[in-house]
Amino acid sequence: MKAMILDAPGGLDRLRLVDRPDPGAPGPGMIRVRLHATSLNYHDYGVVAGRMPTQDGRIPMADGAGIVEAVGEGVQDFVAGDAVVSCFFPDWQEGPPRIGDFSRVPGDGIDGYACELVVAPATAFTRAPTGYSHAEAATITTAGLTAWRSLVVDGGLKPGDRVLVLGTGGVSIWALQIARMMGAQVVVTSSSDEKPERARSLGAAHTINYRTHPEWGKLVHDWAGEGVDHVIEVGGPGTLAQSIDAVRIGGHIGLIGVLTGFAGDVPTATLMSKQARLQGLIVGSRRMQTEFVRALDDAAFRPVVDRTFALDELADAFRYQESGDHFGKIAVTF
């Protein structure tokens, strides 16, 4: 089979396409999956860029979507021919979080899905949403489930809620679409003149250019009347103060990303006065993904895939991600 591997110490120029042995037939409790797509995430970029060191020769990419070719003894959830999608935490089946690192995350601590075939435990996959292409399905593993968990599982999103989404990357656009599906109103920040119009076409009620308006938190608060109920905080220390300004008293901030750095000052007095809940999270469990997929089966929208690359163009796909020109998700199909 063809596989993309990463030579130590990492870097986009150290990705290369190789031949690997066929993984063979699945054993008890395992499934054999013919993979057809993956999608890019900030975490994947951290690994391939060498910022998050991994084992020499690692197959990258946490997201994988494809078709079950065979099932091992005892597998009940799948049959050959089922469309499936991988889980970010293959060992976190359900219940509260028990994992705080990436030692068992595909594409980081273990081999990922930038390859044509994989044999893995059946519990490392869920059913893909009905009617989704493989590229669309691959976007739910990391970005989609992160947005779902923050808004629905942790945040208890309900119709009429007001949601602030930072930027127009994969998690943010998924959050916009989920919020609209649930009947919430959404405001989106961006530094672009063109992307806000695309966000509005997906149902955003309001957009703010954060470069033109550096104190955008107060503008968001005023737009919502008494502040927003939920914030999808993907920026980290460089944006958190504004997000706290934007949230209502007793609101919820999902701390998802670190795009502006790994540490910084937190306006603790303001956070305390807002009595807001600041919830850190990393993706979610298999049970959460199963429930997410069930919701998507009845949804009237599809995820936004900005651009698709071939497997041997994986480095180019990451270079496109580096540019920041994408809107939604970037996929690789094979």
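Residues: numbered from 1 along the sequence shown. Worth saying up front: this structure is predicted, and the values here are computed from it rather than measured.
Applying the salt bridge (charged side-chain N to carboxylate O under 4.0 Å, His left out) test to residues at least two apart or on different chains, the pairs with a partner in residues 317-328 are D316-R319. Applying the side-chain hydrogen bond (donor to acceptor under 3.5 Å, both in side chains) test to every pair with at least one member in residues 268-286, sequence neighbours left out, gives these pairs: D77-R286. The side-chain hydrogen bond (donor to acceptor under 3.5 Å, both in side chains) pairs that include a residue from residues 3-26 are K2-D19, D7-R16, D22-R32, where partners are two or more places apart or lie in different chains.
The environment of CD in Q93 is crowded: more than 12 heavy-atom neighbours from other residues, nucleotides or ligands sit within 6.0 Å. The environment of E194 atom CD is dense: over 12 non-hydrogen atoms of other residues, nucleotides or ligands sit within 6.0 angstrom. Few gaps surround CG on D101; more than 12 heavy atoms of other groups in view lie less than 6.0 Å from it.
In terms of heavy atoms, M288 sits closest to W148 at O-NE1, 3.8 Å. The minimum heavy-atom distance linking H326 with K195 is given by the pair O-NZ, 3.0 Å. A299 and M181 get closest at one heavy-atom pair: CB-SD, 3.6 Å. When all heavy atoms are compared, the tightest approach of Y45 to Q321 is CB-OE1, 3.4 Å. Between A175 and I232, the shortest heavy-atom distance links the atoms CB-CG1, 3.7 Å. Shortest non-hydrogen contact noted between T54 and D108 is OG1-O, 2.5 Å.
Taken from OG in S243 to NE2 in H221, the straight-line distance is 13.0 Å, to the nearest 0.5 Å. Of the inter-residue distances, the one linking I208 atom CD1 with K218 atom NZ reads 12.5 Å to the nearest 0.5 angstrom. Taking CG of L164 as the start and CG of L176 as the end, the distance is 11.5 Å to the nearest 0.5 Å. Taking NE2 of H134 as the start and OG of S39 as the end, the distance is 14.0 Å to the nearest 0.5 Å. Atoms CG and CG, on L281 and L255 in that order, are 8.0 Å from each other to the nearest 0.5 Å.
No side-chain heavy atom of T168 sits less than 4.5 Å from a side-chain heavy atom of R198. Side-chain contact between I330 and F318 is absent, with no heavy atoms from C-beta onward closer than 4.5 Å. Using a 4.5 Å cut-off on side-chain heavy atoms (C-beta onward), R127 and D297 make contact. E116 has its side chain out of reach of L35: every pair of non-hydrogen atoms, C-beta onward, lies at least 4.5 Å apart. Proximity of K329 to N41: side-chain heavy atoms (C-beta onward) are separated by under 4.5 Å at one or more points. The closest side-chain heavy-atom distance from R98 to W92 is not below 4.5 Å. The closest side-chain heavy-atom distance from Q242 to E215 is below 4.5 Å. Put simply, the side chain of I282 reaches to within 4.5 Å of the side chain of F102, judged on heavy atoms.
At a threshold of 4.5 Å between side-chain heavy atoms, the hydrophobic network of Ile, Leu, Val, Met, Phe, Trp and Tyr places I110 and V105 in two separate groups. I253 and V266 fall within a single hydrophobic cluster, where Ile, Leu, Val, Met, Phe, Trp and Tyr are joined by side-chain heavy atoms under 4.5 Å apart, directly or via other members. Both L17 and L15 sit in one connected hydrophobic cluster of ILVMFWY residues. Membership requires side-chain heavy atoms under 4.5 Å apart, directly or through other members. At a threshold of 4.5 Å between side-chain heavy atoms, the hydrophobic network of Ile, Leu, Val, Met, Phe, Trp and Tyr places M30 and Y113 in two separate groups. A continuous path of Ile, Leu, Val, Met, Phe, Trp and Tyr side chains, each step under 4.5 Å between heavy atoms, connects Y210 with L166, placing both in one hydrophobic cluster.
Under the 3.5 Å distance criterion, the side-chain polar atoms of D56 are matched with a main-chain donor or acceptor of A8.
D161 pairs in a side chain to side chain contact (heavy atoms under 4.5 Å, CB included) with only one of the listed residues (V228, V186, D229), which is D229.
Clustering of Ile, Leu, Val, Met, Phe, Trp and Tyr by side-chain heavy atoms under 4.5 Å joins M1 with L117.
Residues that satisfy the side chain to side chain donor-acceptor pair (under 3.5 Å) test with D91, not counting sequence neighbours, are R104. For E291, the side chain to side chain contact (heavy atoms under 4.5 Å, CB included) partners are R287, R294, not counting sequence neighbours.
A cation-pi contact links R307 to Y320, judged by a cut-off of 6.0 Å to the six-membered ring centre and 45° from its axis.
In this structure, W174 and F301 have perpendicular ring planes: the angle between them is above 60°, well past the 30° mark.
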Give the intermediate values and the outcome of side-chain hydrogen bond (donor to acceptor under 3.5 Å, both in side chains) for residues Q289 and T141.
-> CA-CA 8 Å; Q289 184 163 307; T141 293; 4.6 Å; no

